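Taking it in order: structure first as structure tokens, then the write-up.
If you're wondering where the values come from, they're calculated on a predicted model, not measured in any experiment. Per chain, numbering begins at 1; letters A, B, ... match sequence-line order.
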There are 2 protein chains.
Amino acid sequence: MEVTELLPLFQFFKKYNPLSTDGEKNIAAISSINTFKKNTDLQPIGHTCKTIYFLNKGIARIYYFKDGIDITENFYFENSIIARVESLFTGKPSLKAIQILEDAEIVGINSNQLFKLYDSFPEIERLFRKIFEAAYVETVHRIEGIQFHTAEERYKALLQEAPDVLMRIPLKYVASYLGITQVSLSRIRGLK
Amino acid sequence: MEVTELLPLFQFFKKYNPLSTDGEKNIAAISSINTFKKNTDLQPIGHTCKTIYFLNKGIARIYYFKDGIDITENFYFENSIIARVESLFTGKPSLKAIQILEDAEIVGINSNQLFKLYDSFPEIERLFRKIFEAAYVETVHRIEGIQFHTAEERYKALLQEAPDVLMRIPLKYVASYLGITQVSLSRIRGLK
DNA sequence: CTATTCATTTATCATATGATAAATAATCAC
DNA sequence: GTGATTATTTATCATATGATAAATGAATAG
């Protein structure tokens with residue numbers, strides 16, 4: 001693809017590590033844009049993650065099944081990177097899927113080719129290092145949010161930090177993200 | 001320090017990204033070794049994390065206070081890296097402390113100097129990228145372990161995956177790591 | 001060694017959340 | 001638009017865990 005077709009992506013990159021023109025071109029060369037309809041999965045569960053996604057438009061979630069129950073790991077909105085890191089970084093098959101919750105336009109970056117670029121472009125390796133460091137920090141905070149808070153507190157925190165999630169996403173998906181059943185979430189919301 | 005004084009550290013590094021002799025020398029130059037007594041803190045809560053630690057010997061934990069309650073974020077044993085990433089990667093003060101649980105010998109690597117080395121040694125940047133990618137993946141798995149499991153299941157999983165934790169660490173610290181009170185953990189242990 | 005502090009267990013009671021079922025409400029296919 | 005599917009709420013009951021208190025056991029200082 002051309003760099004000019006990926007402006008939101010490169011805008012996003014600037015927040016972490018601005019790239020040289022050459023760096024941008026090389027990333028553009030291994031990227032593609034696709035659109036996806038609501039309720040479709042980007043990839044089936046069980047496949048190894050070989051693409052890093054960037055959400056131009058739409059909403060998505062990563063989910064998996066635990067004992068047959070659908071569990072949401074995380075939600076993603078416009079201008080964010082989506083990757084199943086437990087597969088991307090280990091090369092093992094992912095037991096998770098990325099599902100589109102609102103019609104989406106998504107940039108896909110081939111990860112094998114990206115990792116090859118790391119060798120000739122330290123700036124690209126640094127960029128993704130910083131992106132994933134930030135994601136790591138978020139995950140650490142997520143654990144703090146879970147530990148020792150009641151479901152009601154977690155719900156209220158989400159309401160404050162990311163009201164979008166509660167406005168735009170089916171509650172059944174939010175419940176498992178909060179670590180409770182859908183019925184409990186409904187009850188908590190009813191409390192007032 | 002000399003490279004020869006840091007063999008366990010460089011052995012550990014080899015699992016992620018083997019370094020050139022020059023790379024090792026440069027890391028050795030910004031490292032130091034110290035011993036710490038049981039129950040001491042490496043750094044007070046509130047200071048910004050400027051050191052990445054490697055545990056040659058001993059046991060440690062990262063902990064913080066939430067609503068006045070001591071919560072264990074994680075445990076660390078011999079041959080592991082310890083860092084409060086939410087401070088290291090953001091430059092913000094850390095609300096967490098590293099406490100020594102068994103007399104320890106610890107390598108400290110100055111993080112500002114390390115980050116400078118990244119510029120001239122891509123191999124070093126890559127090494128730490130991989131180390132923290134692996135830690136990130138572990139953290140993601142940790143969340144899966146918390147979500148939708150009872151305290152008893154979490155306890156039994158820990159017993160299986162890391163019996164060392166339960167054998168060598170005071171239960172009061174383990175309880176908060178599992179997300180329950182110390183009294184509940186004691187009851188769960190008593191069950192069978 | 002003794003006393004003091006600290007860690008762990010045990011017991012009781014209160015409560016938040018799960019499980020299940022059923023009633024509404026909203027969405028979707030045709 | 002209508003019916004069928006899917007999502008959400010409401011209700012009831014069961015249970016795991018928290019809060020508190022007290023008893024026992026272990027570690028530590030002097």
Side-chain angles (χ1 to χ4, degrees), chain A residues 36-41 58-59 61 63 65-72 75 99-103 144-159 163-192, chain B residues 36-41 58-59 61 63 65-72 75 99-103 144-159 163-192:
Chain A
F36 297 89
K37 284 278 169 206
K38 184 172 171 173
N39 287 328
T40 55
D41 278 4
I59 301 183
R61 70 175 182 129
Y63 74 97
F65 290 98
K66 177 171 270 174
D67 305 327
I69 295 166
D70 174 323
I71 295 178
T72 298
F75 298 109
Q99 183 186 31
I100 304 304
L101 298 179
E102 277 187 14
D103 291 2
E144 293 162 32
I146 296 175
Q147 214 88 316
F148 285 101
H149 280 271
T150 65
E152 190 181 346
E153 288 167 334
R154 266 143 39 212
Y155 167 75
K156 283 183 177 162
L158 185 65
L159 193 58
D164 267 19
V165 170
L166 290 157
M167 307 302 292
R168 299 169 67 185
I169 293 174
L171 288 179
K172 60 175 178 174
Y173 298 144
V174 178
S176 63
Y177 173 80
L178 289 173
I180 55 180
T181 62
Q182 123 111 285
V183 174
S184 290
L185 176 56
S186 183
R187 170 171 41 199
I188 286 166
R189 282 160 53 86
L191 290 181
K192 162 46 199 343
Chain B
F36 296 88
K37 283 281 170 205
K38 184 173 174 173
N39 288 328
T40 56
D41 278 4
I59 300 181
R61 69 174 182 130
Y63 74 98
F65 289 98
K66 178 171 271 174
D67 306 327
I69 296 166
D70 174 323
I71 295 178
T72 297
F75 297 109
Q99 182 186 31
I100 303 305
L101 297 179
E102 278 187 14
D103 291 1
E144 293 163 30
I146 296 175
Q147 214 87 317
F148 285 101
H149 280 272
T150 65
E152 188 179 348
E153 288 167 333
R154 266 143 40 212
Y155 168 75
K156 283 182 176 162
L158 186 66
L159 193 58
D164 266 19
V165 170
L166 289 158
M167 306 304 290
R168 299 170 68 187
I169 293 173
L171 289 179
K172 60 175 178 171
Y173 298 143
V174 178
S176 62
Y177 173 80
L178 288 171
I180 55 179
T181 62
Q182 123 110 287
V183 173
S184 290
L185 176 56
S186 182
R187 169 170 43 200
I188 286 166
R189 282 158 54 86
L191 284 184
K192 143 64 189 346

remark   = DNA chain D nearest-nucleotide lookup for B/Glu152 and B/Asn39: closer to the 5′ end is B/Glu152
ask   = Does any N or O in the side chain of B/Ser176 come within less than 3.5 Å of the main-chain N or O of B/Gly179, such that one atom is a donor and the other an acceptor?
value = no
query = Counting side-chain heavy atoms from CB outward, which of D/dA21, D/dT8, C/dT8 is closest to B/Val183?
reply = D/dA21
inquiry  = From CD1 of B/Ile180 over to P of D/dT15, roughly how many Å is that when rounded to an integer?
reply    = 20 Å
ask   = To the nearest angstrom, how far is B/Gln147 atom CD from C/dG18 atom P?
value = 11 Å
ask   = Can the positive tip of A/Arg61 be found less than 6.0 Å from the middle of the six-membered ring of A/Tyr173, inside 45° of the ring normal?
value = yes
request  = Would you tell me if any nitrogen or oxygen in the side chain of A/Lys38 comes within less than 4.0 Å of OP1 or OP2 on C/dC28?
outcome  = yes
query = Think B/Arg187 has a side-chain N or O under 4.0 angstrom from the OP1 or OP2 of C/dT10?
reply = no
ask   = Expressed in angstrom and rounded to an integer, what is the separation of A/Leu171 atom CG from D/dT6 atom P?
value = 18 Å
remark   = B/Leu178 atom CG is separated from D/dA16 atom P, nearest whole Å, by 17 Å
ask   = Closest heavy-atom contact between A/Arg168 and A/Glu102?
value = NH2-OE1, 3.1 Å
ask   = Which part of the nucleic acid does B/Thr181 contact within heavy-atom distance under 4.0 Å: base, sugar-phosphate only, or nothing?
value = sugar-phosphate
request  = Could you tell me whether A/Asp103 and A/Lys37 make a salt bridge, using a distance below 4.0 angstrom between a side-chain N and a carboxylate O?
outcome  = yes
ask   = CZ of B/Arg189 versus C1' of D/dT17: gap in Å, rounded?
value = 17 Å
key: Between D/dA29 (P) and B/Lys37 (NZ): distance, integer Å   = 11 Å
Rounded distance (nearest 0.5 Å) linking atom CG of A/Asp164 with atom CD1 of A/Ile59 = 7.0 Å
query = If only side-chain N and O atoms of B/Ser184 are considered, is one of them under 4.0 Å from the OP1 or OP2 phosphate oxygen of D/dT17?
reply = no
task = Specify the separation, in whole Å, of atom CG of B/Asp67 and atom P of D/dG18.
result = 14 Å
ask   = Is A/Ser186 touching bases, backbone alone, or none of the nucleic acid, heavy atoms closer than 4.0 Å?
value = base
Atom-to-atom span, CD of A/Gln182 to P of C/dA19 - whole angstrom = 13 Å
